[in-house]
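To start, the structure under review is shown below, and the notes come after it.
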Amino acid sequence: MTKEELTYNWNKSFNNFLPIAYELKNKFNESWFRIHTLPDSKRYPENESEYAEILKRHNLILSDLFEENHSLIVVSMGGNSYKESISQNEVMKNLGFQKNFWMSINVSDENDEESYFWNMSYDEINFSGNSFDNLLRLIADEEILDVMFFSIERNIVYHPYDGGADIILVNSKLRDKYKEKYKDWLPNSTLSD
């Protein structure tokens, strides 16, 4: 897939909203929900059994959302820079991701003296069972930030973060179905971290 095709499909699904993972829940609140990946909304794992629980929860819901060999776009942020350029996250690169540069997003605000960019990359991957375990473990440890799995076919975004995942579905009816199915994994408040 070319970056132009990805941009077209993203814009069609998300109304030209920039692919900034943590902002999607605010823009698409009517189709968003969140799961936590440890019991009692614990944020960080302390032992191997807690890592196993995190991976189990991620993989259960990913397998529920996407069947085996479903084509996913893995969107990730490269190194931050003060100029628009192609930069990569070395950890992501070492895992075999960030093969394709997508876009730079200016995330500066009025207080910044210089423009500040996030450099976004993408990879087209066929989903398979536990294929993201190494990546998800690094996300749980907050070593990698702002990764999204995007399904063009289903208009779904799965954004894992340290402590859980934000999920954007195509509509509120589908969201409600999954919220009910995974109600034991929901945070106490739908707007909590």
Side-chain angles (χ1 to χ4, degrees), residues 1-37 41 43-44 58 71-125 132 134-152 154-170 175 187 189-193:
M1 172 173 297
T2 67
K3 66 181 179 178
E4 292 79 16
E5 290 169 327
L6 175 56
T7 300
Y8 171 80
N9 284 296
W10 178 271
N11 287 340
K12 187 173 77 173
S13 295
F14 296 103
N15 302 318
N16 298 310
F17 193 76
L18 290 173
I20 299 175
Y22 66 86
E23 290 186 357
L24 286 170
K25 68 182 182 197
N26 299 321
K27 177 69 175 174
F28 300 97
N29 190 268
E30 72 285 348
S31 58
W32 163 80
F33 79 103
R34 170 173 285 174
I35 61 159
H36 282 171
T37 48
S41 297
R43 188 129 190 187
Y44 299 104
H58 278 304
S71 178
L72 291 176
I73 305 297
V74 179
V75 177
S76 56
M77 185 177 69
N80 299 328
S81 72
Y82 284 95
K83 61 186 176 98
E84 196 169 2
S85 65
I86 299 173
S87 61
Q88 296 176 312
N89 176 303
E90 287 302 314
V91 178
M92 287 293 291
K93 189 175 163 187
N94 290 338
L95 289 174
F97 293 99
Q98 296 195 335
K99 293 184 182 95
N100 306 292
F101 174 74
W102 185 13
M103 68 172 74
S104 290
I105 300 173
N106 188 334
V107 293
S108 311
D109 66 29
E110 62 277 355
N111 298 323
D112 293 330
E113 292 180 17
E114 296 182 56
S115 294
Y116 189 66
F117 291 88
W118 281 1
N119 300 298
M120 308 300 286
S121 295
Y122 71 97
D123 299 277
E124 194 168 5
I125 308 284
F132 296 118
N134 291 336
L135 175 59
L136 292 167
R137 189 175 172 119
L138 290 167
I139 291 170
D141 287 337
E142 213 174 5
E143 291 184 43
I144 296 176
L145 305 171
D146 296 310
V147 172
M148 295 182 288
F149 305 135
F150 170 47
S151 168
I152 291 169
R154 297 193 178 166
N155 293 336
I156 294 174
V157 169
Y158 188 85
H159 165 50
Y161 67 91
D162 55 298
D166 287 333
I167 300 132
I168 309 291
L169 298 166
V170 69
R175 177 208 57 197
S189 165
T190 58
L191 296 176
S192 74
D193 293 335

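As the structure is a prediction and not an experimental result, all values here were calculated from the model.
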### Query
Would a distance-only check, ignoring hydrogens and angles, find a side-chain to backbone donor-acceptor pair under 3.5 Å from Glu143 to Leu135?
no
### Query
Under 3.5 Å, side chain of Lys25 to main-chain N/O of Tyr22, donor-acceptor pair present?
no
### Task
Return the minimal non-hydrogen interatomic distance between Pro19 and Met148, and the atom names on each side.
O-CE, 3.5 Å
### Query
Passes side chain to side chain contact (heavy atoms under 4.5 Å, CB included), Leu136 versus Thr37? Steps please.
CA-CA 11 Å; Leu136 292 167; Thr37 48; over 6 Å; no
### Query
Which heavy-atom pair separates Arg154 from Val170 by the least distance, and what is that distance?
O-CB, 4.0 Å
### Task
Start with the C-alpha gap between Val147 and Met92, add the side-chain angles, then the distance that decides, and say whether side chain to side chain contact (heavy atoms under 4.5 Å, CB included) holds.
CA-CA 10 Å; Val147 172; Met92 287 293 291; 4.2 Å; yes
### Task
Answer yes or no: are there more than 12 heavy-atom neighbours, outside Asn11 itself, under 6.0 Å from its atom CG?
yes
### Task
Report the C-alpha separation of Leu24 and Asp166 in whole Å, then their side-chain angles, then the decisive distance to 0.1 Å, and conclude whether the side chain to side chain contact (heavy atoms under 4.5 Å, CB included) test is met.
CA-CA 9 Å; Leu24 286 170; Asp166 287 333; over 6 Å; no
### Task
Specify the closest pair of heavy atoms between Phe150 and Asn9, including all atoms of both residues, with the distance to one decimal.
CZ-O, 4.1 Å
## Note on the structure
When every non-hydrogen atom of Leu169 is compared with those of Arg175, the smallest separation belongs to CD1-CA, 3.5 Å
### Query
For Glu5, does the CD atom have more than 12 heavy-atom neighbours from other residues, nucleotides or ligands under 6.0 Å away?
yes
### Message
Check for me whether the distance between the ring centres of Phe28 and Trp32 falls short of 6.0 Å.
### Response
no
### Summary
Checking Val91, Ile125, Val75 against Phe97 for side chain to side chain contact (heavy atoms under 4.5 Å, CB included), the one that qualifies is Ile125
### Task
Establish, yes or no, whether a centroid distance under 6.0 Å links the rings of Phe149 and Phe132.
yes
### Message
Using every non-hydrogen atom in the two residues, find where Asp123 and Asn100 come nearest and quote the distance to one decimal.
### Response
CA-ND2, 4.2 Å
### Message
Under a 3.5 Å distance rule, please check whether Asn106 uses its side chain to pair with a backbone N or O of Ser108 as donor and acceptor.
### Response
yes
### Query
Do you know which two heavy atoms are closest between Ala140 and Tyr44, and how far apart they sit?
O-CD2, 3.8 Å
### Query
How are the rings of Trp102 and Tyr122 set relative to one another: parallel (under 30°), tilted (30 to 60°) or perpendicular (over 60°)?
perpendicular
### Message
Using side-chain heavy atoms (C-beta onward) and a distance below 4.5 Å, is Phe17 in contact with Asn26?
### Response
no
### Summary
Exactly one of Ile168, Ile156, Ile167, Asn155 clears side chain to side chain contact (heavy atoms under 4.5 Å, CB included) with Ser31, and that residue is Ile168
### Query
Do Met1 and Ile152 come within less than 4.5 Å of each other through their side chains, counting heavy atoms only?
yes
